Each structure stands twice: as C-alpha cells, then as structure tokens.
Q: 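I am attaching a structure below and will ask some questions about it afterwards.
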Amino acid sequence: MSNTEKDMRRNPAIGRSWKEVREEFFTPEEIAESDLRVSLIGEIIKARQEKGISQKKLEELSGVKQPVIARMEKGITSPQIETVLKILAPLGKTLAIVPLEHK
C-alpha cells in the first residue's frame, strides 16, 4: 500500500480510494471487463503513437472514421470487435486469446 493510500485511510476528510469505491459498487467481472477495456485502448494509443500515426492517418489506413477513433481513445464508446481489428491491422497488431491469470 502506498503512503497516499495510508494517508487516505487515516484522514476521513479525504475519502476512500478509487479501488475501495469500485470494489464496493462493481462486481469482480465488471472490474475485470473495465480493466481489459482500459488496457486494450491504452495499447492501441501506445501503438499509434509509437508509429507516429495521427488519428486522421489511422482513419486513412483502417477505414475507421477519426471521430470514432477519438471517442474510442477517450473511453467514450466501447468499440465493436470488428472496429478494433480494423484499427489494429495498420498498427501491426492483432488480438490474442490467452488464459486468465487466477489469483
């Protein structure tokens, strides 16, 4: 636990941590789905930036409109699998199915 988390536990005026709040209001499945979505979008943004490709250029390469890419990257929308695959291809990436890590 970080010092910030310890301080937040000691000082009720600061409130609870996001981790505590999300564990109270969301199921483990909802948390896992959210974490996966955030991770996937983060990897897409990272790959696009590493290639030096703008959202507009990615539109040209993928056929997915730039506003759709922007909304996806901001987390405003949850893209369809077909959209994700269209975006990943010009970035030299694809999806893979891997076993879940069990804690």
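None of the values given here were measured: they were computed from a predicted structure.
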Q: Measuring from Leu36:CG to Ile31:CD1, what's the distance to the nearest 0.5 Å?
A: 13.5 Å
Q: When hydrophobic residues are tied together by side-chain contacts of less than 4.5 Å, even through go-betweens, does Ile81 share a cluster with Leu88?
A: yes
Q: Between Lys86 and Ser62, what is the shortest heavy-atom contact and its length?
A: O-CB, 3.2 Å
Q: State, yes or no, whether a side-chain contact exists between Lys57 and Lys51 at a heavy-atom distance under 4.5 Å.
A: no
Q: When rounded to the nearest 0.5 angstrom, what distance separates CD1 in Ile45 from CD in Gln55?
A: 8.0 Å
Q: Which heavy atom of Lys56 sits nearest a heavy atom of Gln66, and at what distance?
A: N-CG, 3.9 Å
Q: Is the shortest side-chain heavy-atom distance between Glu43 and Lys46 below 4.5 Å?
A: yes
Q: Using 0.5 Å steps for rounding, measure from the CD atom of Gln80 to the CG atom of Leu85.
A: 11.0 Å
Q: If you define the side chain from C-beta out and look only at heavy atoms, does anything of Val68 sit under 4.5 Å from Thr77?
A: no
Q: Is it true that atom CD of Glu24 has more than 12 heavy atoms of other residues, nucleotides or ligands lying nearer than 6.0 Å?
A: yes
Q: Can you list the steps and then say if Glu30 with Glu33 is a side-chain contact (heavy atoms from CB on, under 4.5 Å)?
A: CA-CA 5 Å; Glu30 290 170 324; Glu33 182 181 329; 5.7 Å; no
Q: Might you work through the side-chain contact (heavy atoms from CB on, under 4.5 Å) test for Ile69 and Ile44, ending with a clear yes or no?
A: CA-CA 10 Å; Ile69 295 168; Ile44 290 172; over 6 Å; no
Q: Side-chain heavy atoms under 4.5 angstrom apart, residues restricted to Ile, Leu, Val, Met, Phe, Trp, Tyr: same cluster for Phe25 and Val38?
A: no
Q: Walk me through it: do Met72 and Val64 pass the test side-chain contact (heavy atoms from CB on, under 4.5 Å)?
A: CA-CA 11 Å; Met72 182 185 71; Val64 176; over 6 Å; no
